[in-house]
Amino acid sequence: MPGHRRDESNFSMTDLIVIGAGHAAIEAALAGARLGHSTLLITLDKTKIGQMSCNPAVGGVGKGQVVREIDALGGEMARATDRAGLQFKMLNRGKGPAVWSPRVQCDRTLYRDVMTRTVLNQPNLTVLEDEAVSVLVEGGRVTGVRAARAGNIRARAVVIGAGTFMKGLMHRGFATTPGGRIDEQPASHLSDCLRALGFEVGRLKTGTPPRLDGRTIDYTKCVLTPGDEPPVPMSHFTTSLSQQQLPCWLTHTTEKSHEAIRNNLDRSPLYTGRIKGVGPRYCPSIEDKVVKFPHHNTHQVFIEPEGYITDEVYVNGLSTSLPEDVQEKIVRAVPGLENARFIRYGYAVEYDFCPPTQLKSSLETKSVDGLFLAGQVNGTTGYEEAAGQGILAGINAIHFLRGEAPLILRRDEAYIGVMIDDLVTKGADEPYRLMTSRAEYRLHLRWDNADLRLMDHGRRVGLLSTRMYDHFLGYRGRLWEAAREALPADAESRYFEDLPLPAPTDRGEPVVPHGTDHNPWSRGTEQRQVEIERLYWGYMKRERAEIAKFRRLESRRIPFDLDYNVVHGMLLEARQKCSRIRPESLGQAARIPGVTPADAGVLMVHLERRRRERSAEVV
């Protein structure tokens, strides 16, 4: 029953099992529990719930929009960020509002503590410290999980959010250590189970830079980069921020740093072939930067504090897996870091993942009903991408066990929708990073209007309280009134047409303390929205016309069992790729690499002919 918590040593059946305790798993587990269903989160170490494995920061270009979207749906990441933030910054202010993106440097320990308390205190949610070794499947449907110590645990749905832990292997020079994170054991068996179930499993790589003692840095040789004043909260529900902001600092690598790298590439696991997994293109190691961009004499290095009560700093820009002595040469050739003391050396980690073309847009696997994958197991990078997948996977796992339609976010309504569509349609042969350039409708998908785009969904699924949703409706009503006065007469009707309408729901209240005693939408907020619409109205109008075309293609659904071999006129490559990926709509089929516009046109004709034939049979 709601609010009931079981002793973790005494259970055999639950509604939902979530594997992992990182950013994807947290959002999935909280969503399941808050929607009123018994949820079990299985993690190797319950003291590491919400651990920030790499940079203790949330947001950034594209990523900040995702965090705001998670927040609008009723997720936790933005609220935890505001409680743990130590520097708040709005990026890209020199450009248009479509690419403004909030970023928050966090206190690593405080963020983990906030998330740990949130998870452990959540009604309907139990945490089990154990290793999930296999997924139980009967008749093509998930039936639970086998844990190393607890044995078989039955469940009606399962979400895997194992991060970098599936057969994780850490590299530093020629030394290798099993682990998904420093001083943490890997999940050694789960990916073997997925292979046995018929899933394709690949190998990817990521890395992290050294951590230094901030007391040994000469900041007079670095450039101060302060936070914004006043700071802008990440969450829609945060009314004010009272914590002191800490500064970050900027310095650069030197030719001497680069020389140390070039002279030691024969000791790099990345360049000697010891690392087999593909690394992230958009977050490369310093070795990759020096080798692939030899025309750059320097690269930026940001010195970022790890917390309020620690002297440890994160050296953003120097991710590396070179040996320790080489790391020291690189770092001490950087202005300000000549005498820096190392607290921890950088390393790379390889891990197993499942190419995401094996998923539906709901993040449910195509071959096993009720099994969902979220986060780096799908080939993505970053806390934000993982959390965005996690909340959708959690919601859709609950919808699956209720027999309800999944929540699918389109490319025109959320960056989360762009990301998931990219993953399931195009796959990931390298770690996927979400960027604003991946979205066709950037003017529409701004950081400041995530509430207008997605809070109806949050309320409809049941993750937003009635009181908070009523506050939101009041804000939207004021926005309508302000728009009537400010927008051109010929724009007004189209503007109101595109605003979402209130969504009725009988879900009741989510099982979550939502801070509903205050109204976070202060009067005057709507003026910013109207000013953006007024300023960019011509571009907005053109983008909305493109969105209308896009929605027409998305509305043409494709049966999952369609035989593409009988679609005469499609190229062989297009038929093969559509047969493998199983697109859910005509628009999604058109986005598959190798499917030409002509192929999409032939498929559209075939679907229309098939529809008419089915209609004639019914008559």
TODO: Output, in order, the C-alpha distance, side-chain angles, deciding distance and verdict of side-chain contact (heavy atoms from CB on, under 4.5 Å) for Thr143 and Arg154.
DONE: CA-CA 6 Å; Thr143 59; Arg154 308 291 286 187; 3.8 Å; yes
Minimum-distance pair of heavy atoms, taken over all atoms of [X] and [Y]:
X      : Y      : value
Cys54  : Gly207 : SG-O, 3.7 Å
Cys354 : Leu194 : SG-CD1, 3.7 Å
Gly74  : Ile391 : C-CD1, 4.2 Å
Asp412 : His444 : O-CD2, 2.9 Å
Pro97  : Trp447 : O-CD1, 4.3 Å
Met77  : Glu27  : N-OE2, 2.8 Å

Task: Residues Ser362, Asn396; criterion side chain to side chain donor-acceptor pair (under 3.5 Å); working and verdict - done: CA-CA 6 Å; Ser362 63; Asn396 287 331; 5.0 Å; no
Open item on the list: Could you walk me through whether Leu73 and Leu409 satisfy the side-chain contact (heavy atoms from CB on, under 4.5 Å) test, starting with their C-alpha distance in whole Å, then the side-chain angles of each, then the deciding distance to 0.1 Å, before giving a yes or no?
Closed with: CA-CA 11 Å; Leu73 290 170; Leu409 299 180; 4.2 Å; yes
Can you check whether [X] reaches [Y] side chain to side chain, under 4.5 Å on heavy atoms?
X      : Y      : answer
Leu434 : Met419 : yes
Val201 : Lys167 : no
Leu197 : Ser367 : no
Trp537 : Arg534 : no
Tyr564 : His606 : no
Ile408 : Ile420 : no
Arg156 : Met13  : yes
Leu40  : Val145 : no

Gap separating the [atom1] atom of [X] from the [atom2] atom of [Y], nearest 0.5 angstrom:
X      : Y      : atom1 : atom2 : value
Glu76  : Ile26  : CD    : CD1   : 9.0 Å
Arg575 : His568 : CZ    : NE2   : 8.5 Å
Lys549 : Ile547 : NZ    : CD1   : 12.0 Å
Ile592 : Arg582 : CD1   : CZ    : 10.5 Å
Leu473 : Trp521 : CG    : CH2   : 9.0 Å
Ile42  : Ile17  : CD1   : CD1   : 5.0 Å

Check whether [X] reaches the backbone of [Y] with its side chain - one donor and one acceptor, N or O, closer than 3.5 Å.
X      : Y      : value
Asp369 : Arg141 : no
Thr14  : Ala155 : no
Gln389 : Gly375 : yes
Lys577 : Val595 : no
Glu350 : Lys276 : yes
Asn92  : Val99  : yes
Ser585 : Ser555 : no
Arg34  : Ala31  : no
Gln576 : Glu573 : no
Glu69  : Leu454 : no

Should [X] and [Y] count as an ion pair when the cut-off is N to O under 4.0 Å?
X      : Y      : answer
Glu608 : Arg611 : yes
Asp448 : Arg68  : no
Lys360 : Glu584 : no

Is there a donor in the side chain of [X] and an acceptor in the side chain of [Y], or the other way round, less than 3.5 Å apart?
X      : Y      : result
Arg460 : His457 : yes
Ser437 : Arg442 : no
Asp71  : Ser235 : yes
Gln529 : Arg476 : no
Ser361 : Gln588 : yes

Open item on the list: Among Met540, Glu543, Glu413, exactly one meets side chain to side chain contact (heavy atoms under 4.5 Å, CB included) together with Tyr441. Which residue is that?
Closed with: Glu543
- [ ] Check the pair Leu607 / Leu562 against side-chain contact (heavy atoms from CB on, under 4.5 Å), numbers first and verdict last.
- [x] CA-CA 10 Å; Leu607 292 172; Leu562 180 67; 4.2 Å; yes
Task: Within 6.0 Å of CZ in Arg281, more than 12 heavy atoms from elsewhere - done: no
Task: Arg195 atom CZ, neighbour heavy-atom count above 12 within 6.0 Å - done: yes
TODO: For Leu445 and Gln65, run side-chain contact (heavy atoms from CB on, under 4.5 Å): C-alpha distance rounded to whole Å, both residues' side-chain angles, the deciding distance at 0.1 Å, then the answer.
DONE: CA-CA 8 Å; Leu445 306 182; Gln65 284 89 329; over 6 Å; no
Open item on the list: The test is salt bridge (charged side-chain N to carboxylate O under 4.0 Å, His left out); show your working for Glu546 and Arg411 and say whether it passes.
Closed with: CA-CA 12 Å; Glu546 292 298 320; Arg411 298 181 70 91; over 6 Å; no
Open item on the list: Which residue is it: Arg433, Arg103, Lys63? I am looking for the one with a salt bridge (Lys or Arg N to Asp or Glu O under 4.0 Å) to Glu384.
Closed with: Lys63
Open item on the list: Ring of Tyr432, cation from Arg438 - is the NZ or CZ under 6.0 Å from the centre and inside 45° of the axis?
Closed with: yes
